[in-house]
Amino acid sequence: MTTPQNRATVTVTGAAGNIAYSLLWQIAGGAVYGPDTIVDLNLLEIPAAVGAAEGVAMELSDSAFPNMGKITVTDDPAVAFDGANSALLVGARPRSKGMERADLLQANGGIFGPQGRAINDHAAEDIRVLVVGNPANTNALIAQRNAPDVPSERFTGMMRLDHNRALSQLAQKLEVRTRDLSKVVVWGNHSATQFPDLTWAEVNGEPVRVAAEWYYEEYIPRVAKRGAEIIEVRGKSSAASAASAAVDHLRDWIHGTDGEWATAAIVSDGSYGIDEGLIAGFPTVAEGGTWKIVPGLELSEEQKARIEASVAELREERDAVADLLG
Ligand code: NAX
């Protein structure tokens, strides 16, 4: 067995929560950095849940992963993000009964603003941030705008679960495996306004042909509302599938997608009519450690309208937290 040469520090917030209970095991097992890297884990929780996070750390330790480094449990963002190479911002304020969307956005601003600042001041130079906690795209924007010294491209929001749902629903329809599919994208927001787009989708290199009725009336709403469907059937929100998607996103970001498209919510450069600066789902490839928007795609009027509907929601979210954007 060769001795691992590299070392990475990964910060996970919401470490005592449901998603983290699946996510941490995959990261500690090497699913992101691979077998040649020792992983140190920094687990951030609110004071009331630090005890539970200590228990999670004990179980991680009991799993005896060959490349497990140090595990630090803390309620202090300055400690949690110290030297972080990757940060998965999972912990967020859930919507309580009677809470308006604007209140939820503000409450989360109180979390993601300070975390952005702590990342700015304490993280490693190559920090990569993936925001999972909802509303993920706007929380990512808040964190990014509070970290002026970190290149904006290092802040991303999680649309990979939406992407994976889009792949899986299409694979089931075509009776193929997801590996046979390519060029699928989910535009916009991680919400019911998102646009899972099959315009360029291919199955084994051939264009996908599906009936318009199925596409517009079944497929798009099914993918966009899958989170609600999971809650209804399972009685709890998606957790293992969210963790799996977070691992896909971070692994691909670091190691590349080999030219394959994936959906990542990244800071817009103004492409495809999406306001510069918003964090939105785009067709992307990861190359050389960076997510890049797939260039030069022609959009139909139908596509433009569907993208705009989701971007309008992102704009409203941004405007509701304007005071928190640094
Ligand atoms: P849980 O409620 O099980 O866990 C959240 C944890 O975060 C709790 O332990 C809580 O104490 C902690 N937390 C709250 N504020 C914190 C702070 N300031 N610092 C550190 N930790 C903090 O939720 P879970 O099921 O794990 O989901 C976490 C988040 O992911 C939620 O916001 C959820 O809406 C979001 N999701 C996002 C998805 C996506 O695709 N982007 C899909 C799955 C999920 O719905």
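Whatever order the structure lists ligands and atoms in, that order sets their numbers, starting from 1.
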If we count only N and O atoms by modelled type, under 3.5 Å, do the side chains of Q303 and Y272 hold a donor and an acceptor together? no
Closest protein heavy atom to atom 42 (C) of ligand 1, given as residue, atom name and distance to 0.1 Å: L161 CD2, 3.7 Å
Does a donor on one side chain sit under 3.5 Å from an acceptor on the other, for N146 and Q115? no
Starting from atom 14 (C) of ligand 1, which protein heavy atom do you reach first, and at what distance in Å? A92 O, 3.7 Å
How close does the nearest protein non-hydrogen atom get to atom 15 (N) of ligand 1, and which residue and atom is it? I46 CG2, 3.5 Å
Among all protein heavy atoms, pick the one closest to atom 29 (C) of ligand 1 and tell me residue, atom and distance. V90 O, 3.2 Å
Establish, from distance only, whether the side-chain atoms of Q194 and N189 form a donor-acceptor pair under 3.5 Å. no
Enumerated ligand 1 atoms positioned under 4.0 Å from heavy atoms of I111: 15 (N), 18 (N)
With heavy atoms under 4.0 Å as the rule, classify the contact between Q115 and ligand 1 as side chain, backbone, both or neither. side chain
Check the side chains of D76 and T74 for a donor-acceptor pair under 3.5 angstrom, ignoring hydrogens and angles. no
Can you see whether D248 engages N164 through a side-chain donor-acceptor pair at a distance of less than 3.5 angstrom? yes
Counting heavy atoms only, which of N134, N18, I19 comes nearest to atom 1 (P) of ligand 1? N18
Which protein heavy atom lies closest to atom 5 (C) of ligand 1, and at what distance to 0.1 Å? G17 CA, 4.2 Å
At what distance is the nearest protein heavy atom to atom 9 (O) of ligand 1, and which residue and atom is it? E45 OE2, 2.6 Å
List ligand 1 atoms under 4.0 Å from S238, heavy atoms only on the residue side. 43 (C)
G14 heavy atoms within 4.0 Å reach ligand 1 at atoms 6 (C), 7 (O), 12 (C), 20 (C), 21 (N)
Any chance the side chains of R93 and N108 put a donor and an acceptor closer than 3.5 Å? no
For A16, is the nearest heavy atom under 4.0 Å from an atom of ligand 1? yes
At under 4.0 Å between heavy atoms, is it the side chain or the backbone of A242 that contacts ligand 1, or both, or neither? side chain
Would E260 and S182 count as having a side-chain donor-acceptor pair, cut-off 3.5 Å? no
Looking at atom 34 (O) of ligand 1, is any protein heavy atom nearer than 4.0 Å to it? yes
Establish, from distance only, whether the side-chain atoms of R128 and T290 form a donor-acceptor pair under 3.5 Å. no
Salt-bridge test for E301 and R306: reply yes if a basic N is under 4.0 Å from a carboxylate O, no otherwise. no
Could you identify the single nearest non-hydrogen protein atom to atom 38 (C) of ligand 1 and state the distance to 0.1 Å? H190 NE2, 3.6 Å
Carefully, step by step, assess L325 and L141 under the rule side chain to side chain contact (heavy atoms under 4.5 Å, CB included). CA-CA 8 Å; L325 294 180; L141 182 68; 4.1 Å; yes
Check V132 against ligand 1 and report side chain, backbone, both or neither, counting heavy atoms closer than 4.0 Å. both
